[in-house]
2 protein chains.
Amino acid sequence: MKPPNKGGRGGPDPVSELTTNRLSIYLRALAALDKAGVRAVSSQALADQFHLNAAQIRKDLAQFGEFGVRGVGYVVTDLLRHLREILGLDRQLPVAVIGAGNLGLALADYSGFRIEGFDVVALFDVAKHKIGRRSRAGVTIHDIRHFPRLAKRLGIRIAVLAVPHAQAQRVADAVVGAGIKAILSFSPGGVEVPGGVKVKRVDLTVSLESLSYYLAQGDGHES
Amino acid sequence: MKPPNKGGRGGPDPVSELTTNRLSIYLRALAALDKAGVRAVSSQALADQFHLNAAQIRKDLAQFGEFGVRGVGYVVTDLLRHLREILGLDRQLPVAVIGAGNLGLALADYSGFRIEGFDVVALFDVAKHKIGRRSRAGVTIHDIRHFPRLAKRLGIRIAVLAVPHAQAQRVADAVVGAGIKAILSFSPGGVEVPGGVKVKRVDLTVSLESLSYYLAQGDGHES
DNA sequence: TTTTGTGAACTAGTTCACAGCT
DNA sequence: AGCTGTGAACTAGTTCACAAAA
């Protein structure tokens with residue numbers, strides 16, 4: 001019965017990032033159920049099938065409204081629609097990838113992106129010889145200096161940073177200067193941005209080193 | 001004065017993954033200081049410079065031993081050595097990338113990997129026409145059916161999964177069957193593995209959707 | 001009856017603040 | 001004096017368990 005705080009007032013976001021990450025996971029799970037023709041699902045069934053916690057699913061969803069039907073569960077198509085709206089996936093989001101190296105080109109063409117409302121509309125790089133060329137899937141590489149102009153024209157909302165660490169901060173500054181409010185950075189070591197800009201980091205070195213730690217521990221008692 | 005539990009007994013790991021992730025971040029920070037010629041650093045100075053929390057740095061490190069000198073701080077080269085040993089980076093770790101698509105090829109050639117002890121020694125794929133070819137940086141693509149044999153011969157310890165979601169579980173099973181204990185998966189939706197195998201997920205869809213949520217909230221009150 | 005939505009209990013993680021070492 | 005290492009306090013996140021709704 002609590003008001004769902006739709007539309008977000010200016011204050012700090014009360015919804016944890018762990019929660020929004022899980023919403024994305026619920027969305028995927030429900031899409032699979034929908035595809036399989038399932039009409040309604042209880043939080044328990046959802047939890048069992050996708051290895052989640054039923055209470056947590058209910059708590060997460062309850063932050064945004066009362067989407068369930070007591071005694072029945074959640075109507076799959078309805079909840080899908082609600083989740084897409086909450087996550088802002090009810091419209092196409094233009095994405096730019098900065099850095100047309102191996103990783104940037106791969107990300108620009110990554111088929112997983114397009115499926116849920118993300119559309120990589122441009123690549124950017126500093127290297128003269130790359131500018132004007134296209135990725136295999138046909139995304140054109142532009143001069144990074146034209147980012148502000150093109151970002152506006154193409155309506156870019158998210159910048160994916162796939163540049164060397166040394167350039168990451170400078171590129172981030174430029175991107176933020178052009179009004180971008182959401183950045184996905186693959187750069188090791190993070191970038192600093194002013195308040196009101198959201199950065200998500202994917203740090204492959206940290207991931208691998210954490211795996212290495214795990215192996216190092218295992219080696220100790222397996223010998 | 002508490003024993004540092006070096007070498008790990010069989011029981012569940014008492015060190016949180018958040019901690020091991022941070023150790024990796026400390027390692028990077030210290031490497032930068034070392035490069036800059038800094039001899040010793042206090043937890044406070046480290047925290048200030050890299051936007052961390054001093055008490056947390058001390059707590060994290062204290063789990064593995066008493067590396068600091070009271071009144072002085074941490075001797076950079078010593079702590080670097082300790083961290084590399086804790087993270088198992090004092091030896092080269094052979095890595096295999098499974099899936100020679102855009103992403104897999106990019107990851108195999110990703111220069112950030114080699115720097116800290118990881119060595120991508122092989123690519124694997126199912127597609128006949130890819131087998132025998134090489135990535136730009138020269139990593140050979142092998143038939144996935146030869147994974148067990150080659151994994152043994154090359155001493156592969158970590159498998160990076162860059163295959164379509166539909167194949168992820170099958171590939172994970174094969175990799176685990178070949179004795180791999182650490183997996184970095186780029187597949188959306190996670191894979192199931194038996195106990196004793198560690199999986200780290202990098203889920204680009206979740207990351208982007210979480211950013212989308214943030215933008216959707218912002219749009220609400222900026223209109 | 002079934003299952004949600006949610007306060008309460010619990011668990012994990014972070015930060016404080018200070019005793020004790022150098 | 002300066003700074004670590006760490007118990008205590010605090011904060012965030014998860015899970016339990018049940019009243020209320022359908």
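Sequence lines set the chain letters: A, B, ... in the order given, protein chains first and strands last, and positions in each chain run from 1.
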>> Are more than 12 heavy atoms, taken from residues, nucleotides or ligands other than A/R91, located less than 6.0 Å from that residue's CZ atom?
In response: yes
>> Using salt bridge (charged side-chain N to carboxylate O under 4.0 Å, His left out), reason through B/R84 and B/D90 one step at a time and then give a plain yes or no.
In response: CA-CA 6 Å; B/R84 280 199 247 266; B/D90 44 358; over 6 Å; no
Distance test, side-chain N/O of [X] to OP1/OP2 of [N], below 4.0 Å:
{"X": "B/N53", "N": "C/dT14", "answer": "no"}
{"X": "B/R22", "N": "C/dT14", "answer": "yes"}
{"X": "A/Y74", "N": "C/dG5", "answer": "yes"}

Nearest-Å distance, [atom1] ([X]) to [atom2] ([N])?
{"X": "B/D78", "N": "D/dT4", "atom1": "CG", "atom2": "C1'", "result": "15 Å"}
{"X": "B/I57", "N": "C/dT14", "atom1": "CD1", "atom2": "C1'", "result": "13 Å"}
{"X": "A/N21", "N": "D/dG13", "atom1": "CG", "atom2": "C1'", "result": "14 Å"}
{"X": "B/Q63", "N": "C/dT14", "atom1": "CD", "atom2": "P", "result": "11 Å"}
{"X": "B/Q44", "N": "D/dA1", "atom1": "CD", "atom2": "P", "result": "18 Å"}
{"X": "B/K59", "N": "C/dT15", "atom1": "NZ", "atom2": "C1'", "result": "8 Å"}
{"X": "B/Y26", "N": "D/dT4", "atom1": "OH", "atom2": "C1'", "result": "14 Å"}
{"X": "A/D60", "N": "D/dG13", "atom1": "CG", "atom2": "P", "result": "11 Å"}

> Is there a side-chain contact between B/L89 and A/S212 (heavy atoms, below 4.5 Å)?
Replying inline: yes
From C-beta outward on [X], which listed nucleotide comes closest to its side chain: [options]?
{"X": "A/A55", "options": "D/dC16, C/dT22, C/dG5", "result": "D/dC16"}
{"X": "A/R58", "options": "D/dG5, D/dC3, D/dA17", "result": "D/dA17"}
{"X": "A/V69", "options": "D/dA22, C/dT22, C/dT3", "result": "D/dA22"}
{"X": "B/S16", "options": "D/dG5, D/dG13, C/dG13", "result": "C/dG13"}

> Does any N or O in the side chain of B/D203 come within less than 3.5 Å of the main-chain N or O of B/T205, such that one atom is a donor and the other an acceptor?
Replying inline: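 Judged by distance alone, yes, a pair lies under 3.5 Å.
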> When only distance counts, do a donor and an acceptor, one from the side chain of A/R70 and one from the base of C/dT4, lie under 3.5 Å apart?
Replying inline: yes
>> What's B/L18 touching, base or sugar-phosphate or nothing? Going by heavy atoms closer than 4.0 Å.
In response: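 Counting heavy atoms under 4.0 Å across all strands, the contact made by B/L18 is with sugar-phosphate only.
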> How is B/S43 classified with respect to the nucleic acid when contacts are heavy atoms under 4.0 Å: base, sugar-phosphate, or nothing?
Replying inline: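 It contacts sugar-phosphate atoms only.
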> Between A/F67 and A/Y74, does the ring centroid distance fall short of 6.0 Å?
Replying inline: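 So the answer is no for these two rings.
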